[in-house]
There are 2 protein chains.
Amino acid sequence: MRETILHKCEVKGLRMTGQRRVIVQVLETAHQDHPDVEALYAKVTEIDPSISIATVYRTVKLLEEAGILIRNEFADGRARYETADREHHDHLIDLSTGKVIEFCEPEIEALQEKLVAKLGYKIRFHRLEIYADPINSDETD
Amino acid sequence: MRETILHKCEVKGLRMTGQRRVIVQVLETAHQDHPDVEALYAKVTEIDPSISIATVYRTVKLLEEAGILIRNEFADGRARYETADREHHDHLIDLSTGKVIEFCEPEIEALQEKLVAKLGYKIRFHRLEIYADPINSDETD
DNA sequence: GTAGTTGCAAATTCTTTGCCACCGT
DNA sequence: ACGGTGGCAAAGAATTTGCAACTAC
């Protein structure tokens, strides 16, 4: 139910500085790209060049701790962010473009639960990342 | 099957220096722990204190490129290594101890394949990590 | 007004690398 | 012998932090 990030920040009682408004505005339109801090910083400084990258780092961390953003660490080493307002899902990373596709497979989740219970554990969280190439794209194998 | 790492290195024609022998010897006994470079370095310098951490980094990288080691990056940020001589498997990380348990669930793999094919992709590699707590241990929830 | 924020640069953490002496084959 | 290696310390890349000035509430 598409509530704005800004609204969530207000609900959480976060102090909304000019910098945070800009960062949140960028996230509002870019969160589907799973941007990293560098990408966010680039868009943010287009709007307000005086914002420092430290502020971007501090703000995404704040929003993560507030449960508004989710930090992902894919195989490229950097942290990439998405909004936390959707159902749990996993990620398919298109190796030819870097694009991230979200998917959810309840059957896989159920199997995980079962398996982990069999091992005597209870899942706290998990991550499944699939790195893949498009089928129709040329088979560079 | 249980071929020694040292033997694999020789087969690959890697020059076996004193330092590499020590590092390989440590890996031989510690690879089931999925040690990180720091852990390896600690054990290595117990045997030969003159070996530098740069050499450990260079050697694990070399062994990874030779297909002898697999580098994992779990949620703790550092690279952790295991030998590449076993079947593909995924990891369950025991949050209470940090211990890593390997598992293989062909059903999950099959579902992944099917799903990814449906999305028009072909899997190159994937990673599934499950972070969990023991059931009998106290429920810190 | 005051505590929370910011920018800047310096610090951290993990990993890589340039350089020159050294050692395996 | 000679080209691949190792040690050391400096360089990198991503991220965090100390501090003094600033600003939202």
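Heavy atoms only: backbone and side chains are in, while hydrogens, waters and symmetry mates are out. Just so we're on the same page: letters track the sequence lines, and every chain starts at 1.
- Among all heavy-atom pairs drawn from A75(A) and R127(B), the shortest one is N-NH2, 4.1 Å.
- Taking atom CG on L62(A) and atom C1' on dT17(D), their separation rounds to 16 Å, with Å as the unit.
- Atom CG in D48(B) sits about 11 Å away from atom C1' in dG6(D), given to the nearest Å.
- Scanning both residues, A117(A) and I135(B), for their nearest heavy atoms gives O-CD1, 4.2 Å.
- Contact annotation: Y57(B) does not reach the phosphate of dT16(C) (side-chain N/O to OP1 or OP2, under 4.0 Å).
- Checking the phosphate oxygens (OP1, OP2) of dG4(D), no side-chain nitrogen or oxygen of R20(B) falls inside 4.0 Å.
- Between the P atom of dT5(C) and the CD1 atom of I23(A) lies a distance of 12 Å, rounded to the nearest Å.
- Note: H91(A) and F74(A) meet the aromatic proximity criterion, with ring centroids under 6.0 Å apart.
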Evaluate salt bridge (charged side-chain N to carboxylate O under 4.0 Å, His left out) for R124(A) paired with D133(B), printing each intermediate quantity in order.
-> CA-CA 7 Å; R124(A) 290 303 174 206; D133(B) 281 323; 2.7 Å; yes
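- Candidate nucleotides dT15(D), dC8(D), dT6(C) were compared by shortest atom distance to the side chain of S52(B), and dC8(D) ranks first.
- Remark: P of dA14(D) and CG of L40(A) are 14 Å apart, rounded to the nearest angstrom.
- Taking atom OH of Y41(A) as the reference point, atom C1' of dC8(C) lies 11 Å away to the nearest angstrom.
- Rounded to a whole Å, the CD atom of E64(A) is 14 Å from the C1' atom of dT16(D).
- With sequence neighbours excluded, the residues that form a side chain to side chain contact (heavy atoms under 4.5 Å, CB included) with R58(B) are A54(B).
- Between K61(B) and dT16(C), a side-chain N or O to OP1/OP2 separation shorter than 4.0 Å is present.
- The interatomic distance linking I53(B) (CD1) with dA10(D) (P) rounds to 17 Å, in whole Å.
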Quick one: do E73(B) and R78(B) satisfy salt bridge (charged side-chain N to carboxylate O under 4.0 Å, His left out)? Show the steps, please.
-> CA-CA 6 Å; E73(B) 292 208 27; R78(B) 309 159 243 154; over 6 Å; no
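- L115(B) approaches E105(A) most closely through the heavy-atom pair CD1-OE1, 3.3 Å.
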What string of B, S and - do you get for nucleotides 18-25 of chain C, 5' to 3', if B is base contact, S is sugar-phosphate-only contact and - is no contact with any protein heavy atom under 4.0 Å?
-> B----BBS
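- I51(B) comes within 4.0 angstrom of sugar-phosphate atoms only, judged by non-hydrogen atoms across all strands, and of no base.
- Here the closest non-hydrogen pair linking L14(A) and A66(A) is CD1-CB, 4.5 Å.
- If you measure from atom CG of N72(A) to atom P of dT15(D), you get 13 Å, rounded to the nearest angstrom.
- Of all non-hydrogen atoms in T83(B) and I5(B), the two that sit nearest each other are CG2-CD1, 3.6 Å.
- Using five terminal pairs a side, the axes of the helix from dG1(C)-dC25(D) to dT25(C)-dA1(D) at its two ends make an angle of 30°, given in steps of 10 degrees.
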